[in-house]
Amino acid sequence: MNNEITGKPIDRVDGRLKITGGAQYAAEFPMKDLAYGVAITATIAKGHIASIDTRAAEKIPGVFGVLSYKNSMSLHFPQGGDPGSGKYAEKDLLPLQSDRIFYDGQMIAVAIADTFEKAEYAASLVAITYEPETAVLEIEPNASNARQPKTGLGNQPMQTKRGDASTALANAPVTIDYTYTTPVYHHNAMEPHATTAQWTGDELLIYDSTQSVYGSHSLMANMLGLEPEKVRLIALYIGGGFGSKGFSWPNTVVAAMASKLVGKPVQLALARQQMFTTAGRRSQTIQNVSLGADRDGKLLSIRHASIVETSFVDEFIEPCGVATTMLYACPNLEVTHKVVNLNRGTPCPMRAPGESVGTYALEAAMDELAVKLQMDPIALRLANYADEDPQKKKPFSSKNLRECYEQGAAAIGWKDRNVQPASMRQGRYLVGYGMATATYPANRSASTARAILFADGRAEIECCTQDIGTGTYTIMTQIAADALSLPITKVKVKLGDSDFPKGANSGGSQVSASVGPAIRAAAIDVVGKLAKLAVQDTGSPLHGLDEKTIQANNSGIYSSAEPQRGESFQALLSRLRLDRIDALATTNVSTRAPEAGQPEAIRNYSFHSWGAQFIRVLVDPDLYTVKIDKAVSVMDIGKVLNQKTATNQIMGGMIFGIGMALMESSVYDPARGRVVTRDLANYLVPVHADMPVFDIRFIDRPDVLISPIGARGIGEIGITGTAAAVANAIYHATGKRVRDLPISLEKLMD
Ligand code: MOS
């Protein structure tokens, strides 16, 4: 196997298709007789539907019907299958099954017509009356009654204890104890949640915008009571997910139900406003962090107590404190999570669920401790550097975080800053520097892929995993090209189709480390089959050699001892009159099921990625506007598979973090429980003009324990630490500590 293409900053293989509009998204498949659905959502936060009058809507020519609980088919309660077999986001609120309302914005009906405009008009004519009930709308007044959660995301422990954190805190010479709060955030992928569904007899074809083709496919079969073979689900291109498309939301199954009702294919895309209610969000959090240290900064106690909220129809717990259990060496620790049920749509994973808001609280608290100790924030982190996982008591597979701190500090000019807050100026602006640690687990799970080599020298790869916009097509092409020793132009990677072998879902930043090794293994198996054929073939220059001494090279197979001896794939296959050679490979490794028959390396090590985030801000001393001037990120994510896509991922993550710190916040009407910021004019996100100069670097040292390709995931770690680094920089610039995100001008002025 060569290693020539992997790592290179090659352009996205699908870039041209996307730029030219050739890439088809879930609501972009033309079909004969396609009908359009427009969702109707509830306007009360709790209660019942009293009446639905669809007569006016149904009178419009071209309107095929209005689907609601009154005429919908019955859905099967989704049964939990194997992990990754799909999760319906609101298990106790299967869509359109009853008159119950659990939140404002809940999908309750769909108008279906021959054009989108008619469907939208028809939806406006559907008259709905309600019997409202008293709803629970706000977390703060209910925080004192928060309860123990039932489940953690992916079996993460929600309560963790080691040593005696309370006693150690009481006895610590230096302590801090503060509460940090974060608002509801919405994912706001560019492509909305969208589905096109088409029945042919009892067979169903679904184009879906999903982070889990395999999961969405098996879940749809499950909910609709169909054999999996009767359902095909396709997601060729996805315009972002950020976690909101990891679970399934009503649009997918409702499109299939609507299509059944009207006997035509139906396309159902959420409007941007509906993305704020019926497509997931990040939970609001109230996080109390107490730290105790000795006078040299050695941590004696860490306590991280979070209160989060979930809906009444499912339990998703934002795992705020999970990273706190392993980030620093400290003998005494207590991490807890409590939850409040609210009449809001259910929260779900959002880019680094837990770590993004959790590292904000912990890393801002570490900054506050550094100030109290009069210690450099980097020195404080080095004094508590965890050489092994302090909770699991296992070594890390690979950790080069010291180098991240060093390189980041040098790149931002850390040593030149005046430590005193509000002491530095550039022109009229206050200047501040802040830093924080980034961390995210390195996940890997089982995947299967097929590699096919054709007689004309081309190769294809098939796997039902998906590219949610991160560059999966591109890096998988690089991995396959290297394993087959072909130029990338000869390799076509096909993803996003449930007919292909089962590949990992795009959650937990796991696709590179899960699917990459499966594709590599399938490609190596193809080469092995070719070698076997060649050594047995008297016509081959490799005839009689030991097949184990033969390797792929330069679009062919060659003897590793005598590199000139060998032949091209094309020569071998055409002489043998073979159209193709293929191989199916499964790599059955899971970092999240470590004890169950896993390889020794997976059992014995703790797998995480690391990074250091550095931010330089300019703050206007009169208006308190904050400009992020420079953002430096140094990431230790194992081997970099493509410098360009990797840099994009970290930059995107940091932009998310900058949005968290300064702008993003979903505001709910406290009287009605309605999101009032439900468009991109009122839900502020950073735009180009808000962007700093980015300096993104990688340690680029392969993690040989996680997989032969050496890469750990990169999709989520970029957001972690970023909001804290921004908050810490603003404190340094102004001397003012805002512990309630977002850090808006009015809070800084206060
Ligand atoms: Mo990530 S929030 O697991 O898509």
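First listed ligand is number 1; within each ligand, the first listed atom is number 1. Note that the structure is a prediction, hence the values are computed from the model and not measured.
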- [ ] Using the test ring-ring contact (aromatic ring centres under 6.0 Å, His included), find all partners of Y185 that sit at least two apart in sequence or belong to another chain.
- [x] none
Open item on the list: So that I can tick it off, tell me whether E309 and R281 are bridged by a salt bridge, with the cut-off set at under 4.0 angstrom between side-chain N and carboxylate O.
Closed with: yes
Open item on the list: Taking T470's backbone N and O only, do any of them form a donor-acceptor pair with D467's side chain (distance below 3.5 Å, no angle check)?
Closed with: yes
- [ ] Among I650, I714, D700, find the residue that satisfies the side chain to side chain contact (heavy atoms under 4.5 Å, CB included) test when tested with M635.
- [x] I650
Open item on the list: If the criterion is any heavy atom closer than 4.0 Å to an atom of ligand 1, which residues make the list?
Closed with: Q211, F242, G243, P349, M350, R351, P353, S506, G507, G508, E716
Open item on the list: Tell me every residue that passes side-chain hydrogen bond (donor to acceptor under 3.5 Å, both in side chains) with T722, counting only those two or more places apart in sequence or in another chain.
Closed with: Q613
- [ ] Sequence neighbours left out, what passes side-chain hydrogen bond (donor to acceptor under 3.5 Å, both in side chains) with D14? Give chain and number order.
- [x] none
